Amino acid sequence: MRKHARVAVLGGLVLSLALTACSTNSGDGSGEGTNEGTQGSLDIIGTAEDAKGPAAPVEGAQTGGTLKYIGLTDFTHLDPARTYVGSFMMIQSGLLGRTLTGYKEVGDGSIQLVGDLATDSGKDVAGDCKTWEFTLKDGLKYEDGTVITAQDVAYGIARSFSPELADGAQFLQNWLQESREYKGPYDGAEKVPPGVKVDGNKLTFSFDTARCEVPFAVAMPNTTPVPEAKDTKTDYDNKPFSSGPYKIESRTLGESMTLVRNEHWAADSDPIRHAYPDKWTFEFGTEPKDNSVRLDANASGDENLWSFTGVHPDILGNVTGNMDKYKGRLVHGEQKYNGYLAINNLRVKDLAVRQALNYAVPRDRWIQLNGGEFAGKPNTSFMTKSVPGYKEFNVYPTDIEKAKGLLGGKATKLRYAYSNDGELSGQIADMFKEEYAKAGIELETIAISPDDYYGQIGDPTNKYDLYWAGWGADWPSGSTVIPPCLGEDGLVLDANTGTNYSFFTEKTIEDEIDRLSGLPITEALPGWGELDEKILTEFAPYVPLDSSYNVWITGSNVGGQYLQQNLSTVDVTKLFVRDPALNAG
Amino acid sequence: MLRFVVRRLLLIVLTLTVVSFGTFMLFFAAPSDPARILCGTRCQPAQIEAVRDGLGLDRPIMTQYVEYMGGIFAGRTLGEGDWAKDCSAPCFGYSYTQNQEVSEIVARALPVSASVAIGAWIIQTLISVSSGVIAARKRGTAVDRGTIAATLIGGALPIYFVGPMLLLIFRYQLEILPQPSYTPLLDDPLAFAGGMIMPWATLAIVGFAFDARLSRSQMLETLDEDFIRTSRAKGLKDRVVFWRHALRASATPLATSAGLGLGGLLGGAVVTESIFGLNGLGKLSLDAITARNLPIVMATVLIAATFVVFGTFIVDMLYAAIDPRVRLS
Amino acid sequence: MSTVTTGTPYLEVEDLKVHFKTEDGIVKAVDGVSFSVERGKTLGIVGESGSGKSVTSLTLLGLHNMRATTVTGRASVGGTDVVAAPHSTVQKMRGKDMAMIFQDPLTALHPYYSIGRQIVEAYRIHHKVSKEVALKRAVEMLDRVGIPEPQRRVKQYPHEFSGGMRQRAMIAMALVNDPDLIIADEPTTALDVTVQAQILDLLGDLQKEFNSAIIMITHDLGVITQIADDVLVMYGGRAVEKGTVEQVLRKPHHPYTWGLLNSVPSLHGDASEDLKPIPGNPPSLLNVPSGCAFHPRCAHAMLGGDGPCAKIRPELEVVQGLKNHTVACHLSEAVRATISDEVIEKVDA
Ligand SMILES: Nc1ncnc2c1ncn2[C@@H]1O[C@H](COP(=O)(O)OP(=O)(O)OP(=O)(O)O)[C@@H](O)[C@H]1O
Ligand code: SF4
Ligand SMILES: [Mg+2]
């Protein structure tokens with residue numbers, strides 16, 4: 001899932017953008033989990049049987065009570081066409097809306113893609129990945145008791161073509177119509193998007209080229225059904241119409257929101273969601289540190305609190321040093337986000353220099369400065385453990401001498417750019433300068449405006465050699481990691497939409513990307529891991545640094561803390577209130 | 001008197017026009033593209049266009065300003081066609097990041113800040129003025145020395161220390177105060193006061209020192225005045241001299257300080273609101289600046305300016321009420 | 001109206017000392033002063049700035065600065081020793097037994113209260129009457145001190161009054177309770193000459209009417225001539241010459257008094273070339289010169305050898321043949337008499 005901000009460095013709204021993760025929940029029966037971030041199985045696509053509800057119960061779970069969320073900012077986009085931030089997607093898809101397919105947290109930390117509205121994960125009609133068919137389950141209903149139709153799903157996708165609502169993921173839209181002439185169902189246009197056919201409760205998607213990952217793409221929130229009569233356009237963001245287990249009872253934007261049960265949601269039809277609490281309340285405006293302090297204090301009346309905001313660095317040590325004290329209130333694990341130093345391959349053309357940068361990278365000091373092992377884990381590949389098909393390798397074990405040897409005594413001067421967003425970024429820059437000097441690489445550190453950091457480093461004509469970037473998979477496949485960051489796909493020649501910050505392309509790699517893209521998912525998955533290793537070994541176009549790690553705590557009356565790998569954040573579908581009578585209301 | 005009021009009101013209108021125009025120019029004539037910033041890093045070109053349309057950024061800046069100001073008084077329509085939005089007066093524009101009219105957002109935040117600032121102001125003024133005045137009355141005694149000591153300590157404490165400390169002690173440790181939050185006064189006065197008590201206390205503690213010291217020295221200064229000696233020479237009891245004559249004469253400077261203090265408290269509210277997670281104007285504008293949310297920044301600047309200007313106006317009126325010498329001029 | 005003169009002075013001050021303890025040392029603002037005033041009589045106190053005139057009078061009303069101050073001696077006001085009396089007693093005497101008129105009418109009136117209100121307040125401290133009655137009395141007093149349209153003026157604020165009017169109002173306020181002793185501390189200094197004369201006339205008239213004792217503090221010997229019966233000349237916190245107006249101004253026996261007379265511009269006209277201000281500066285009361293405090297500035301000082309002026313402090317002694325006329329100077333009486341004549345001659349010229 002797209003670029004993300006370095007947690008410790010950027011605050012405010014951006015912070016919440018980063019809070020999404022993937023991991024394994026070593027549920028010990030009481031619900032709390034640590035998550036090693038490994039996708040246990042390549043067998044990630046569920047069957048029609050797996051798509052059947054209800055979801056297997058969470059051990060010890062109680063029904064009833066109220067869960068209270070606190071956080072800094074509201075969920076800016078809850079319109080399924082527009083939501084693209086992990087936590088926003090978690091609220092939209094976990095509580096309010098259902099999608100054609102969805103991810104089920106299996107209980108051991110791994111996930112499985114299953115039919116959600118659809119009876120299965122999709123049928124590749126001709127076996128060529130060009131035509132996909134989905135059939136809606138029977139008896140699906142909206143919050144007002146009306147029936148959810150395939151037409152509504154098509155309409156939901158149609159409106160996500162509208163430029164005014166273009167904040168969400170654009171995969172499905174781009175695949176259906178590369179030219180993007182269709183601008184949504186407004187102003188008298190078609191209500192069904194190009195490439196989509198509705199036939200009763202059946203939806204058929206047709207593509208010009210093989211799109212083998214359609215089952216993943218339709219798990220994105222824009223396949224959430226939206227009845228045309230309920231479409232309030234840009235205002236839909238404020239109060240989306242519910243097809244999930246809860247509906248919005250009241251909402252004051254930027255301040256608070258209350259969700260109550262959608263009585264028309266049928267647990268039997270839902271393999272993913274549990275819907276244990278009767279009610280959810282959300283309060284916004286708490287600064288991240290205050291948030292953590294309050295959750296930690298667990299004062300009377302606050303036992304039902306939870307948050308998407310991870311434990312603040314200032315008190316992280318307290319928490320990780322006393323894990324026992326927080327038993328039953330804790331969830332932590334590795335997230336899907338990587339952090340790496342992009343090497344500008346348009347400027348640093350000498351492979352030996354790029355390899356030397358890899359050999360000499362001070363990975364440990366990087367992690368230490370960013371907050372230690374509970375903020376990030378060393379990563380030596382581009383993909384992170386959470387992505388199925390991930391391959392563990394370390395082709396450039398830290399070795400200063402080797403780096404020196406590769407440079408052969410040549411004076412090497414490089415320009416390192418960093419976002420001028422706070423003290424830490426400067427400290428990190430100094431650290432890189434100092435450590436790389438040991439290998440004979442002289443770094444000139446240049447602070448650039450945080451306002452447009454990605455815009456500047458994404459500009460192929462930029463005058464920097466080395467800069468930090470981060471990435472997370474959009475769905476559990478290397479296809480959403482390698483092509484956008486290390487392939488031509490990411491080389492869109494618009495600074496703001498390009499995502500290949502190393503400006504790296506290689507014919508052989510491109511061929512392999514094309515080959516893998518045409519393979520069925522399960523065959524392709526391990527291929528991405530192999531390709532990851534091949535790229536770093538042969539071309540060293542970037543320097544891997546870490547994969548992010550996060551720790552969350554909740555109030556003592558909250559149970560069912562799991563990390564949902566695909567969104568890399570707390571899984572709302574499993575949370576429950578331990579004693580529903582406490583702090584009821 | 002009437003002419004005085006009218007003159008001051010005209011001055012206010014002029015001030016606000018200048019402030020609004022200046023702010024508008026500053027933000028909209030800035031070299032960066034507001035639409036681009038508003039839209040965010042992942043913005044599609046089509047979205048930028050939509051935002052630019054919504055802001056009317058393609059028109060000459062004077063036209064934009066006139067439309068903006070017109071919107072405040074008469075409302076206006078934002079955007080076009082299917083996407084047009086009616087923005088009723090007072091229309092401060094539309095926040096695309098929050099999907100709301102700016103006036104709605106501000107209208108929600110305003111009572112929060114007002115409650116924090118005015119409540120804290122009343123408490124702070126009462127406590128600091130009375131303790132300063134009492135210290136002056138008991139000059140040189142333990143009471144006086146105690147007050148001076150308290151002002152020295154209070155004056156050294158920053159908001160971001162006092163706030164979290166109160167929270168830690170009274171909410172998290174002793175658990176005797178409720179979590180700070182905003183409940184409209186009329187909905188539930190008790191919950192209102194309960195939720196505000198810590199923000200008020202924080203601001204009052206931090207602001208105490210200055211006002212208390214000022215009141216004390218102001219009173220002492222007044223006590224040295226000739227007319228105080230006169231009133232004692234008349235045979236008035238010391239008590240009466242102090243509480244009637246001296247206090248009355250100190251009222252003008254104390255009211256000025258307290259009036260200006262309200263402006264300071266609005267500033268202090270920014271930090272306080274952040275500490276206690278209250279969604280007031282301060283927090284709103286802080287977030288808006290971080291997010292380069294121009295319509296909100298614009299609105300909060302205008303509202304703050306209006307408050308400051310009217311605050312000064314009220315202080316002036318108060319002056320006139322207190323000081324007979326001002327009334328004539 | 002008050003009772004007629006009884007013979008015993010209404011005010012009797014004996015060896016009054018007022019010492020202020022300051023960071024730099026003890027300021028002996030008043031250092032052993034004695035005098036008395038009878039009802040119906042006026043005592044003028046003259047002396048350079050800082051000679052202790054105001055401190056003396058303020059001490060009588062207990063209005064001096066009380067912090068780190070020692071007051072000794074005796075000051076009997078209508079039989080009550082205000083030095084020894086408790087604070088509350090003195091406070092009750094203020095306004096009724098003794099009242100004070102201050103120098104600067106601009107600052108001595110409360111700026112935020114109307115003139116009427118301030119007089120009403122003063123009256124009601126000593127008279128249990130309604131506000132209406134008190135207000136009538138205030139109007140009456142304003143009328144009495146010569147303020148036109150008192151009905152209207154009574155509602156006005158001090159800043160709406162001219163300087164002379166303000167002083168009249170001040171006097172009205174001081175006299176509203178028919179005080180037995182009026183202390184006027186340079187009441188006319190801030191006013192122009194015509195107004196000054198009017199105010200002095202007024203005070204004289206009122207004195208006749210109320211038969212009160214008056215202390216008139218001033219720099220201006222002209223004022224003394226016009227209004228006073230007796231004169232006390234102060235220098236460096238002490239009395240250096242004392243007597244009737246006639247004695248002190250027509251037969252001055254102290255070199256300092258001579259100096260004062262010499263420095264007054266002649267009322268008869270063009271003697272301004274002969275104006276001789278006293279050389280040097282008034283003494284520091286922190287460190288009063290030894291012997292006669294005036295010796296550093298005295299043209300006749302007997303210094304060196306056996307000269308006593310810098311060594312021995314002269315005490316007040318009766319000037320022979322002149323009843324009640326006392327002077328503190330080491331010069332022989334004969335020498336003083338000769339010089340006195342020369343001085344007066346010159347002044348009269
Ligand atoms: N509270 C005090 N502490 C210390 N010194 C004082 C205090 N009050 C008065 N003095 C000093 O006592 C001396 C006498 O002052 P006083 O006001 O009596 O002078 P004055 O004769 O009235 O002079 P002027 O003609 O200027 O009014 C001055 O030197 C003054 O500085
Ligand atoms: S005592 Fe001496 S110094 Fe003092 S006035 Fe007389 S002659 Fe002058
Ligand atoms: Mg004086």
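Keep in mind it's a predicted model, so treat the numbers as computed, not measured.
- For C:Leu63, the parts lying under 4.5 angstrom from a heavy atom of chain B are both the backbone and the side chain.
- Residue B:Phe313 places its CZ atom among more than 12 non-hydrogen atoms of other residues, nucleotides or ligands, all under 6.0 Å distant.
- For the atom pair CG (B:Leu236) and CZ (C:Arg124), the distance works out to 11.5 Å, reported to the nearest 0.5 Å.
- Counting heavy atoms from C-beta on, the side chains of B:Lys234 and C:Tyr123 never come closer than 4.5 Å.
- Two residues are said to be in side-chain contact when any heavy atoms from C-beta on lie closer than 4.5 Å; B:Arg229 and C:Met100 fail this criterion.
- No more than 12 heavy atoms of other residues, nucleotides or ligands sit less than 6.0 Å from atom CG of B:Leu190.
- Judged purely by distance below 3.5 Å, without hydrogens or angles, the side chains of B:His245 and C:Gln118 never pair a donor atom with an acceptor atom.
- Contact annotation: the side chain of B:Arg244 approaches that of C:Glu121 to within less than 4.5 Å [non-hydrogen atoms, C-beta and beyond].
- Contacts of C:Tyr112 with chain B are made by both backbone and side-chain atoms, with heavy-atom separations under 4.5 Å.
- Looking only at heavy-atom pairs under 4.5 Å with chain B, the residue among C:Lys92, C:Lys96, C:Met173, C:Met93 that has the most is C:Met173.
- Interface remark: C:Ile183 contributes no atoms to any contact with chain B (heavy atom separation under 4.5 Å).
- The shortest distance between side-chain heavy atoms of C:Leu61 and B:Arg232 does not fall below 4.5 Å.
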- [ ] Under the side-chain contact (heavy atoms from CB on, under 4.5 Å) rule, what do C:His110 and B:Arg248 come out as? Steps first, then yes or no, please.
- [x] CA-CA 9 Å; C:His110 199 297; B:Arg248 180 74 172 75; 4.2 Å; yes
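- Using a 4.5 Å cut-off between heavy atoms, B:Asp224 does not touch chain C at all.
- In terms of modelled atom types and a separation under 3.5 Å, the side chain of B:Thr230 and the main chain of C:Ala108 share a donor-acceptor contact.
- Between the CD atom in C:Gln91 and the NZ atom in B:Lys237 there is a gap of 6.5 Å [rounded to 0.5 Å].
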